[in-house]
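Just so you know, these numbers come straight off a predicted model, no measurement behind them.
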Amino acid sequence: STLVRVPKSASTLGIAIEGGANTRQPLPRIVTIQRGGSAHNCGQLKVGQIILEVNGVSLRGREHRDAARLIAEAFKTKERDHVDFLVTEFNVAL
Amino acid sequence: VREKRLTLPPSEITML
């Protein structure tokens, strides 16, 4: 797995995720990266990667909306000027 | 295991 630090360089994070606990995709997977968003500007996140942790918090066992809320709050908080993602290319979740 | 996985629902997609 890889730790990716995404600076908040744009007003949006700019990723779409699918998956979460109790779905076919138990950990959130990146399905889109929007051009011009912070994630795209960072250049290190890729479509297909699985998000294991956000700012050190595990997404394991979290349902989709809970995982999405955690990521949204990590981007919104003014406590940090970046969001740390622990990602993997592999579907390790089960 | 495979059968169980097939019964799980697909996920919604959220843009962040």
Specify the closest pair of heavy atoms between B/L8 and A/T23, including all atoms of both residues, with the distance to one decimal.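 Closest approach of B/L8 to A/T23: CD1-O, 3.5 Å.
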Where do A/I71 and B/L16 come nearest, in terms of heavy atoms and distance?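 Reported closest heavy-atom pair: CG2-CD1, 3.7 Å.
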Checking side-chain contact (heavy atoms from CB on, under 4.5 Å) against B/I13, which of A/I17, A/V31, A/T32 comes through?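 Output: one option passes, namely A/V31.
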Interface moiety of A/R29 toward chain B, non-hydrogen atoms closer than 4.5 Å: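 The answer is neither part of A/R29.
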Hydrophobic cluster membership, [X] vs [Y], 4.5 Å side-chain cutoff:
X     : Y     : answer
A/I33 : B/M15 : no
A/V4  : A/V57 : yes
A/V47 : A/I50 : yes

Which residues pass the salt bridge (charged side-chain N to carboxylate O under 4.0 Å, His left out) test with A/D66, sequence neighbours left out?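 A/R62, A/R69.
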Which one, A/G20, A/A72, A/G14, leads in non-hydrogen pairs under 4.5 Å with chain B?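 Ranked by heavy-atom pairs under 4.5 Å with chain B, first place is A/G14.
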Measuring from atom NE2 of A/H64 to atom OG of B/S11, what distance do you get when rounded to the nearest 0.5 angstrom?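 Separation between the atoms: 4.5 Å.
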